[in-house]
A.B. asks: 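Before I ask anything, here is the structure I am working with.
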There are 2 protein chains.
Amino acid sequence: MLPEEEETINLLMKLPMESLNLDAIAVVTNIYRMAQGLRNKMEQEVLAEYGLSWTSFSILYDLWIGNSIETRKLAESAGVSKPTISNITKTLERKELCYRLTDNRDRRMAYVAITDKGRGVMEDLYPKFHKREVEIASSLSVAEQKKVSGLLRALIKENNF
Amino acid sequence: MLPEEEETINLLMKLPMESLNLDAIAVVTNIYRMAQGLRNKMEQEVLAEYGLSWTSFSILYDLWIGNSIETRKLAESAGVSKPTISNITKTLERKELCYRLTDNRDRRMAYVAITDKGRGVMEDLYPKFHKREVEIASSLSVAEQKKVSGLLRALIKENNF
DNA sequence: ATACTATCGTTTCATAGCTAACGATTCTAA
DNA sequence: TTAGAATCGTTAGCTATGAAACGATAGTAT
């Protein structure tokens, strides 16, 4: 342990806490740092060329796979709020990558669908995205990749994420 | 495998890609989903009370631990851009949680430091934050927590995140 | 000394992202 | 049928976020 880490722990131990769980801290810290690096790298090195953010990309991916999806479900799938979906689909619509339509059976509902242009973008972009994905994960062996996915999946499930 | 997953794979397999690495996809997907859930939960259930975002909190934490830090290093540590640090410290300054000062030896440099009020906030907030951290990680055994941290650390290191 | 370069942090400008509030629609109960 | 509740998506208003450009300062080479 580095001396500065020791100092940090001493500071934290003075607080009114039952205990200081260093393993839990490491889990949270590493998860977030990894995700941050992942997102930044993808946005800078893959998505920037298409003017898409990580979330825009993930929404466009959902539309590509699912064809036509309720706004509400897009929010759930991407893990962001409904207003964010409104904003992003608006941006995607301006770029003519998707369009919106209203359900006539229940006029409260709005569906979002991908355009041919959007499909073209994804067909071009996805292979590049996946290539990076593979590169990033390849620091680990296949067995380790399965292991880390499994553990994260358990965390996601137990915490309802 | 679910039928819709099968369909998805069929769609992806039609693209001009050398191969489709499902393990890599699972790694990336689960990392990001976990981080998203983590951040949302913390912001809504712990940080909202103090009007802090995840990044604001992590910056204030750095200041708390390190006392006085260059803007540049804050950006590195939090994994965000320099303008973001500028904005966030400006917000924190408005709330009187931190203040800025210039280095007189090298007047290009700016340091940020935590105020007494900021220290008070952290002393109150950190135990609550840590409690949640522990709860979230407790879906896994200690051995599993160490395992997932280790694997993520390897990914972070190899990818320079 | 004087340009040229590098390094800071900030400003500008656009999108992303949240909560809260809203308007429209549908459902439900009296 | 009609008032009240529930459920959509959007709007309003704020902070967060990054790329690009900028102004100020410091280092470097001639």
Side-chain angles (χ1 to χ4, degrees), chain A residues 32 35-37 39-60 68-76 78-95 97-113, chain B residues 32 35-37 39-60 68-76 78-95 97-113:
Chain A
Y32 199 78
Q36 191 93 340
R39 175 172 180 150
N40 287 342
K41 183 174 191 118
M42 286 302 198
E43 289 189 338
Q44 286 163 17
E45 300 183 7
V46 182
L47 303 175
E49 183 187 341
Y50 300 83
L52 293 172
S53 67
W54 175 280
T55 308
S56 306
F57 171 74
S58 84
I59 288 173
L60 200 56
S68 161
I69 310 183
E70 298 107 285
T71 306
R72 184 173 46 84
K73 288 193 176 172
L74 282 175
E76 230 177 279
V80 296
S81 68
K82 287 187 301 171
T84 295
I85 298 294
S86 257
N87 275 326
I88 290 189
T89 53
K90 204 183 294 174
T91 304
L92 290 175
E93 207 169 19
R94 210 183 317 129
K95 294 179 183 169
L97 300 179
C98 78
Y99 61 98
R100 282 181 275 192
L101 45 153
T102 310
D103 187 343
N104 279 320
R105 292 183 301 271
D106 185 343
R107 298 184 51 76
R108 288 172 302 183
M109 304 253 258
Y111 288 87
V112 188
Chain B
Y32 199 77
Q36 190 93 341
R39 175 171 181 151
N40 286 343
K41 184 175 191 117
M42 287 302 198
E43 290 189 338
Q44 286 163 18
E45 300 182 7
V46 182
L47 304 176
E49 184 187 340
Y50 299 83
L52 293 173
S53 68
W54 175 280
T55 308
S56 306
F57 171 74
S58 85
I59 288 173
L60 200 56
S68 161
I69 309 184
E70 299 107 286
T71 307
R72 183 173 46 83
K73 288 193 179 174
L74 282 175
E76 231 176 278
V80 297
S81 67
K82 287 186 301 172
T84 296
I85 298 294
S86 257
N87 274 323
I88 290 189
T89 53
K90 202 182 296 172
T91 304
L92 290 174
E93 207 168 19
R94 210 183 317 130
K95 293 179 184 169
L97 300 179
C98 78
Y99 62 97
R100 282 180 276 192
L101 44 153
T102 309
D103 187 343
N104 278 320
R105 291 183 302 271
D106 184 342
R107 300 184 52 75
R108 289 171 302 183
M109 304 251 259
Y111 288 86
V112 188

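In the text below, chain A, chain B and the rest are named by the order of the sequence lines, each starting its count at 1.
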A.B. asks: Counting any heavy atom closer than 4.0 Å, what does A:I85 reach on the DNA or RNA strands: base, sugar-phosphate only, or nothing?
C.D. replies: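 Nothing, no nucleic acid heavy atom in range.
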A.B. asks: Decide yes or no on side chain to side chain contact (heavy atoms under 4.5 Å, CB included) for A:L52 and A:M42, but give the supporting numbers first.
C.D. replies: CA-CA 10 Å; A:L52 293 172; A:M42 286 302 198; over 6 Å; no
A.B. asks: CZ of A:R72 versus C1' of C:dA24: gap in Å, rounded?
C.D. replies: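 Taking atom C1' of C:dA24 as the reference, CZ of A:R72 is at 16 Å.
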A.B. asks: Under 4.0 Å: is that the gap between some side-chain N or O of A:T71 and OP1 or OP2 of D:dG9?
C.D. replies: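 Indeed, a polar side-chain atom of A:T71 lies that close.
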A.B. asks: Between D:dC8, D:dA26, C:dT10, which nucleotide gets closest to the side-chain atoms of B:K82?
C.D. replies: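 Minimum distance to the B:K82 side chain belongs to C:dT10.
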A.B. asks: Round to a whole Å and report the spacing from CG of B:L52 to P of D:dC14.
C.D. replies: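 Nearest whole value for this atom pair: 19 Å.
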A.B. asks: If only side-chain N and O atoms of A:T55 are considered, is one of them under 4.0 Å from the OP1 or OP2 phosphate oxygen of C:dA16?
C.D. replies: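 So the side chain of A:T55 is outside the cut-off, no N or O lying under 4.0 Å from OP1 or OP2 of C:dA16.
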A.B. asks: Just N and O in the side chain of A:Q44: are any of them under 4.0 Å from OP1 or OP2 of D:dA19?
C.D. replies: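 So the side chain of A:Q44 is within the cut-off, an N or O lying under 4.0 Å from OP1 or OP2 of D:dA19.
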A.B. asks: Write down the distance between CD1 (B:I59) and C1' (D:dT15), rounded to a whole number of angstrom.
C.D. replies: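 From B:I59 CD1 to D:dT15 C1': 13 Å.
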A.B. asks: Is there a side-chain polar atom (N or O) of B:S86 under 4.0 Å from OP1 or OP2 of C:dG9?
C.D. replies: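 Checking B:S86 against C:dG9: no side-chain N or O falls below 4.0 Å of OP1 or OP2.
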A.B. asks: Quick one: is A:S53 getting a side-chain N or O under 4.0 Å of the C:dA16 phosphate, OP1 or OP2?
C.D. replies: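 Affirmative; the distance criterion is met.
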A.B. asks: State, to 0.1 Å, how close B:V112 and B:R100 come at their nearest heavy-atom pair, and which atoms those are.
C.D. replies: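 Closest approach of B:V112 to B:R100: CG2-CG, 4.0 Å.
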A.B. asks: Heavy atoms only: give me the nearest B:L92-B:S56 pair and the separation to one decimal.
C.D. replies: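 For B:L92 and B:S56, the tightest heavy-atom pair comes out as CD1-O, 4.2 Å.
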A.B. asks: Given atom CZ of A:R100 and atom P of C:dA24, what is their separation to the nearest angstrom?
C.D. replies: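 Roughly 17 Å, once rounded to whole Å.
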A.B. asks: Is the phosphate of C:dA16 approached by A:S56 (side-chain N or O, under 4.0 Å from OP1 or OP2)?
C.D. replies: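 Result: yes.
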A.B. asks: For a side chain to side chain contact (heavy atoms under 4.5 Å, CB included) check, start with the C-alpha distance between B:V80 and A:Q36, then their side-chain angles and the critical distance, and finish with the verdict.
C.D. replies: CA-CA 8 Å; B:V80 297; A:Q36 191 93 340; 3.4 Å; yes
A.B. asks: Report yes or no: does B:S86 contribute a side-chain atom to a donor-acceptor pair with the main-chain N or O of B:P83 at less than 3.5 Å?
C.D. replies: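 It does not hold such a pair.
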A.B. asks: Return the OH to CZ distance between A:Y111 and A:R72, rounded to the nearest 0.5 Å.
C.D. replies: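 With rounding to 0.5 Å, OH (A:Y111) is 8.5 Å from CZ (A:R72).
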A.B. asks: If you find the nucleotide of DNA chain C closest to B:N40 and the one closest to A:D106, which residue's nucleotide is nearer the 5' end?
C.D. replies: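 Final value for this comparison: B:N40.
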A.B. asks: Given the structure, check if the side chain of A:R107 and the base of C:dT25 hold any donor-acceptor pair shorter than 3.5 Å.
C.D. replies: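 Between C:dT25 and A:R107, which were checked side chain against base, a qualifying N/O pair under 3.5 Å is absent.
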A.B. asks: Distance check needed: D:dT17 P versus B:L92 CG, whole Å only.
C.D. replies: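 Spelled out: CG on B:L92 to P on D:dT17 is 11 Å.
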A.B. asks: Roughly how many Å is it from CG in B:N104 to C1' in D:dT25, rounded to a whole number?
C.D. replies: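 To the nearest whole Å, that distance equals 13 Å.
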A.B. asks: OP1 or OP2 of C:dT10 versus the side-chain N and O atoms of B:R108: is any pair under 4.0 Å?
C.D. replies: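 The answer is no; no side-chain N or O of B:R108 sits under 4.0 Å from OP1 or OP2.
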A.B. asks: Go nucleotide by nucleotide along DNA chain D from the 5' end; which of A:K73 and B:G51 gets its closest nucleotide reached first?
C.D. replies: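 Result: A:K73.
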A.B. asks: In whole Å, I'd like the distance from the CD atom of B:E43 to the C1' atom of D:dT17.
C.D. replies: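 The answer, rounded to whole Å, is 13 Å.
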A.B. asks: Reading DNA chain C from 5' onward, which residue's closest nucleotide shows up sooner: A:R39 or B:A110?
C.D. replies: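 Per heavy-atom nearest nucleotide, the more 5' residue is B:A110.
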A.B. asks: Taking the nucleotide of DNA chain D with the nearest heavy atom to each, does B:D103 or B:N87 sit closer to the 5' end?
C.D. replies: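 The residue closer to the strand's 5' end, by nearest nucleotide, is B:N87.
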A.B. asks: Just N and O in the side chain of A:R105: are any of them under 4.0 Å from OP1 or OP2 of C:dT26?
C.D. replies: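 No.
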A.B. asks: Look at B:T91 and D:dA16 and indicate whether a side-chain polar atom (N or O) is within less than 4.0 Å of OP1 or OP2.
C.D. replies: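 The answer is yes; a side-chain N or O of B:T91 sits under 4.0 Å from OP1 or OP2.
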A.B. asks: Counting any heavy atom closer than 4.0 Å, what does B:K90 reach on the DNA or RNA strands: base, sugar-phosphate only, or nothing?
C.D. replies: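 Touches sugar-phosphate only.
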A.B. asks: B:E70 has an atom CD; how far is it from atom P of D:dT25, in whole Å?
C.D. replies: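 About 18 Å, once rounded to whole Å.
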A.B. asks: Donor-acceptor pair, distance only, cut-off 3.5 Å: does the side chain of B:T71 make one with the backbone of B:A110?
C.D. replies: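 Present.
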A.B. asks: Can you tell me if the side-chain N/O atoms of B:T84 get under 4.0 Å from OP1 or OP2 in D:dT17?
C.D. replies: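 Negative; the distance criterion is not met.
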A.B. asks: Between C:dC8, D:dA16, C:dT15, which one does the side chain of B:M109 approach most closely?
C.D. replies: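 Out of C:dC8, D:dA16, C:dT15, the nucleotide with an atom closest to B:M109's side chain is C:dC8.
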